[in-house]
Asks: 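After the structure tokens below, expect a handful of questions from me.
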Amino acid sequence: MAIESRLPLAGKSAVVTGAGRGIGRSIALALAEAGADVAVTARTHSEIEQLAEQIQGMGKRSLFMPCDVTKPEQVEQMAKTFLAGLGGIDILVNNAGNAGSHKLLNHPDELWHRMLAINLTSVYYVSKAFLPPLIEQKWGRIITIASIASRVGGRYIAAYTAAKHGVLGLTRAMATELNPYNITVNAICPGYVDTPMTDASVSNIIARTAMPEVKARAALEQTSPQNRLMEPAEIAATVVFLALETSKGITGQAINIDGGGIMS
Ligand code: NDP
């Protein structure tokens, strides 16, 4: 048997949202390394174009299409294009997300709605758009990148926390409803990960407190008992694991990757 066809995800097609950088980029590359064809989306054309070329260079099929996942018409168009180009879908990774913070006093409504749109409603739109072929073929994996903010409350991130808690509710509801179709639905809950989003959090701390950068970064590292930021590759490896045929019994779960900060 050729080595290629023995890769665990050979013959599978995957879609990754928010794939242009950070965790999503790492997930797309890990899925391709495991043998899947991977379609990638985000809003920044140049980042997903470069990633699709890199995946093609690995000998896998890849498509890219810019899409704002908070806009249902764009999501519908993206799903149509990817389904036609890939010839179907097996693995959907809802990774696109964004963090914003503000204390509760005078919390801007705009921030509330923006956080819910990108971190919660987008998962609903994207999952709904790809559901028909998954149900039809009676096999699928839906994996959403949630957060430890899905598990516990945190100061100054009420909207992000509410949205990420909501994503766990959606994950569990979808897992229950889709069990008869052999579609598993799971969430991964990382602590702080070394990505551009965390760089933005560091800049935010510096802007608000005038803390030196090393100290601001250390403050985020110290939120984990392992005193470090998680690496995107750790999240990506868990996505690949959940996508395996042998992970079929794992559904409706939320897996923490935070160095042991939360143990439930
Ligand atoms: P980054 O900011 O580094 O990357 C986010 C990706 O999502 C980019 O490709 C961005 O591309 C895309 N994206 C953002 N908004 C939209 C949108 N409206 N439509 C389509 N794509 C969008 O984030 P991370 O890699 O750090 O985070 C990825 C996921 O992991 C998020 O859901 C985040 O909440 C979660 N997470 C991250 C943690 C961390 O510490 N970094 C910790 C816990 C969870 P573009 O702007 O071009 O659209």
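Ligands are counted one by one from 1 in listed order, and the atoms in each one are counted from 1 as well. The basis for the numbers below is simple: all heavy atoms, side chains too, and nothing from hydrogens, waters or symmetry mates.
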Asks: Looking at Glu136, I want to see if its CD is surrounded by more than 12 non-hydrogen atoms of other residues, nucleotides or ligands under 6.0 Å.
Replies: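 No, CD of Glu136 has 12 or fewer neighbouring heavy atoms, counting only those of other groups under 6.0 Å.
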Asks: Using only heavy-atom distances, determine whether the side chains of Gln74 and Arg43 contain a donor-acceptor pair under 3.5 Å.
Replies: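 No donor-acceptor contact under 3.5 Å links the two side chains.
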Asks: Considering only heavy atoms of Tyr160, which atoms of ligand 1 have at least one such atom less than 4.0 Å away?
Replies: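 What qualifies from ligand 1 is 33 (C), 34 (O), 36 (N), 44 (C).
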Asks: Evaluate the criterion salt bridge (charged side-chain N to carboxylate O under 4.0 Å, His left out) for residue pair Arg217 and Asp199; output intermediate values, then yes/no.
Replies: CA-CA 8 Å; Arg217 195 163 280 273; Asp199 294 341; 2.7 Å; yes
Asks: Can you give me the closest heavy-atom contact between Phe64 and Ile48, atom names plus distance?
Replies: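 Scanning both residues, the minimum pair turns out to be CB-O, 3.7 Å.
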Asks: Looking only at protein heavy atoms, which one is nearest to atom 10 (C) of ligand 1, and how far off is it?
Replies: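 Atom 10 (C) of ligand 1 sits closest to the protein heavy atom Arg21 NH2, 3.5 Å.
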Asks: If you have a sec, work out which protein heavy atom is nearest atom 47 (O) of ligand 1 and how many Å separate them, to one decimal?
Replies: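 Residue, atom and distance for the closest contact: Thr44 OG1, 2.4 Å.
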Asks: Considering heavy atoms of the protein only, find what lies nearest to atom 30 (O) of ligand 1 and give residue, atom and distance to 0.1 Å.
Replies: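 Result: Ile145 CG2, 3.3 Å.
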Asks: Check ligand 1 against Gly20 and write out every atom of the ligand that is under 4.0 Å from a heavy-atom position of the residue.
Replies: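 Reading through ligand 1 atom by atom, the close ones are 9 (O).
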Asks: What residue and heavy atom of the protein are closest to atom 12 (C) of ligand 1, and at what distance?
Replies: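 Of every protein heavy atom, Gly18 CA, 3.5 Å lies nearest to atom 12 (C) of ligand 1.
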Asks: Is the closest side-chain donor-acceptor distance between Gln137 and Asp90 under 3.5 Å?
Replies: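 Result is yes, a qualifying pair exists.
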Asks: Could you tell me the residue and atom name of the protein heavy atom closest to atom 23 (O) of ligand 1, and the distance to it rounded to 0.1 Å?
Replies: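 Going atom by atom, the protein heavy atom closest to atom 23 (O) of ligand 1 ends up being Met197 CB, 3.4 Å.
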Asks: Could you tell me if any non-hydrogen atom of Pro190 lies under 4.0 Å from any atom of ligand 1?
Replies: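 Distance cut 4.0 Å: Pro190 passes for ligand 1.
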Asks: Give the numbers and elements of all ligand 1 atoms closer than 4.0 Å to a heavy atom of Ala96.
Replies: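 By the 4.0 Å cutoff, the relevant atoms are 7 (O), 21 (N), 22 (C), 32 (O).
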Asks: Has ligand 1 got any nitrogen or oxygen that is less than 3.5 angstrom from a nitrogen or oxygen of Val193?
Replies: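 Between Val193 and ligand 1, an N or O pair is found under 3.5 Å apart.
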Asks: Under a 4.5 Å side-chain heavy-atom rule over Ile, Leu, Val, Met, Phe, Trp and Tyr, are Val40 and Leu9 clustered together?
Replies: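 The answer is yes; both residues are in one hydrophobic cluster.
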Asks: Do ligand 1 and Thr70 have nitrogen or oxygen atoms that lie under 3.5 Å from each other?
Replies: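 Between Thr70 and ligand 1 (N or O atoms, distance only) the closest approach is not under 3.5 Å.
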Asks: Any N/O of Ser147 closer than 3.5 Å to an N/O of ligand 1?
Replies: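 In fact, backbone or side chain, Ser147 has no N or O that close.
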Asks: Salt bridge between Arg228 and Glu234, side-chain N to carboxylate O under 4.0 Å?
Replies: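 Counted as a salt bridge, because a side-chain N and a carboxylate O are separated by less than 4.0 Å.
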Asks: Below 4.0 angstrom, N of the basic side chain to O of the carboxylate: do Glu110 and Arg114 qualify?
Replies: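 Salt bridge present between Glu110 and Arg114.
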Asks: Please confirm whether Arg25 approaches ligand 1 to less than 4.0 Å, judged on its heavy atoms.
Replies: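 Not so, Arg25 does not reach ligand 1.
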Asks: Using the ring-ring contact (aromatic ring centres under 6.0 Å, His included) criterion, which residues pair with His113? Sequence neighbours excluded.
Replies: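 His113 satisfies ring-ring contact (aromatic ring centres under 6.0 Å, His included) with no residue once adjacent residues are dropped.
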Asks: Could you list the atoms of ligand 1 found under 4.0 angstrom from a heavy atom of Thr198?
Replies: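 Per the distance check, 39 (C), 40 (O), 41 (N).
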Asks: In terms of heavy-atom contacts, does CD of Glu177 have more than 12 from other residues, nucleotides or ligands at under 6.0 Å?
Replies: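 Counting neighbours around CD of Glu177, 12 or fewer heavy atoms of other residues, nucleotides or ligands fall under 6.0 Å, so no.
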Asks: Can you list the ligand 1 atoms lying under 4.0 Å from a non-hydrogen atom of Asp68?
Replies: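 Those atoms are 17 (C), 18 (N), 19 (N).
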Asks: Considering non-hydrogen atoms of the protein only, which is the closest contact for atom 15 (N) of ligand 1, and what is the distance?
Replies: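 Checking every protein heavy atom, the shortest distance to atom 15 (N) of ligand 1 gives Arg43 NH2, 3.2 Å.
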Asks: Under a 4.5 Å side-chain heavy-atom rule over Ile, Leu, Val, Met, Phe, Trp and Tyr, are Met230 and Val202 clustered together?
Replies: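 No, Met230 does not connect to Val202 through the hydrophobic network.
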Asks: Could you see which bit of Asn95 sits under 4.0 Å from ligand 1, with heavy atoms only: side chain, backbone, both or neither?
Replies: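 It is both backbone and side chain that touch ligand 1.
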Asks: I'd like to check which ligand 1 atoms, numbered from 1 as shown, lie under 4.0 Å from a non-hydrogen atom of Tyr192.
Replies: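 Taking each heavy atom of Tyr192 in turn, ligand 1 has 40 (O) under 4.0 Å.
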Asks: Taking heavy atoms and a distance under 4.0 Å, where does Val69 meet ligand 1: side chain, backbone, both or neither?
Replies: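 The answer is both, backbone and side chain.
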Asks: Under the side chain to side chain donor-acceptor pair (under 3.5 Å) test against Asp37, which residue among Gln56, Lys12, Arg61 passes?
Replies: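 In the set Gln56, Lys12, Arg61, the residue that makes a side chain to side chain donor-acceptor pair (under 3.5 Å) with Asp37 is Arg61.
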Asks: For Ser127 and Asn94, which I'm curious about, is there any donor-acceptor pair between the side chains at under 3.5 Å?
Replies: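 The answer is yes; a qualifying pair exists.
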Asks: If every non-hydrogen atom of Cys189 is compared with every non-hydrogen atom of Ile148, which pair is closest and at what distance?
Replies: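 Minimum heavy-atom separation between Cys189 and Ile148: O-CG2, 3.8 Å.
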Asks: Can you give me the closest heavy-atom contact between Ile262 and Asn256, atom names plus distance?
Replies: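 In this case the closest contact between Ile262 and Asn256 is O-ND2, 3.4 Å.
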Asks: So between Ser46, Pro196, Cys67, whose heavy atom ends up nearest atom 20 (C) of ligand 1?
Replies: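 Answer by nearest heavy atom: Cys67.
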Asks: Based purely on interatomic distance, does Asn98 place a nitrogen or oxygen under 3.5 Å from a nitrogen or oxygen of ligand 1?
Replies: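 The answer is no, given that Asn98 and ligand 1 share no N or O pair closer than 3.5 Å.
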Asks: Is Ala146 close enough to touch ligand 1? Criterion: a residue heavy atom under 4.0 Å from a ligand atom.
Replies: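 Yes.
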Asks: Return the residue, atom name and 0.1 Å-rounded distance of the protein heavy atom closest to atom 25 (O) of ligand 1.
Replies: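 Atom 25 (O) of ligand 1 sits closest to the protein heavy atom Ile23 N, 2.8 Å.
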Asks: To which protein heavy atom is atom 26 (O) of ligand 1 closest, and what is the distance rounded to 0.1 Å?
Replies: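 In this structure, atom 26 (O) of ligand 1 has Thr195 OG1, 2.5 Å as its nearest protein heavy atom.
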Asks: Kindly identify the option in Ser150, Gly97, Gly22, Gly24 whose heavy atom sits closest to atom 5 (C) of ligand 1.
Replies: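 Among Ser150, Gly97, Gly22, Gly24, the closest heavy atom to atom 5 (C) of ligand 1 belongs to Gly97.
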Asks: Return yes when Gly191 approaches ligand 1 closer than 4.0 angstrom through a heavy atom, no otherwise.
Replies: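 Distance cut 4.0 Å: Gly191 passes for ligand 1.
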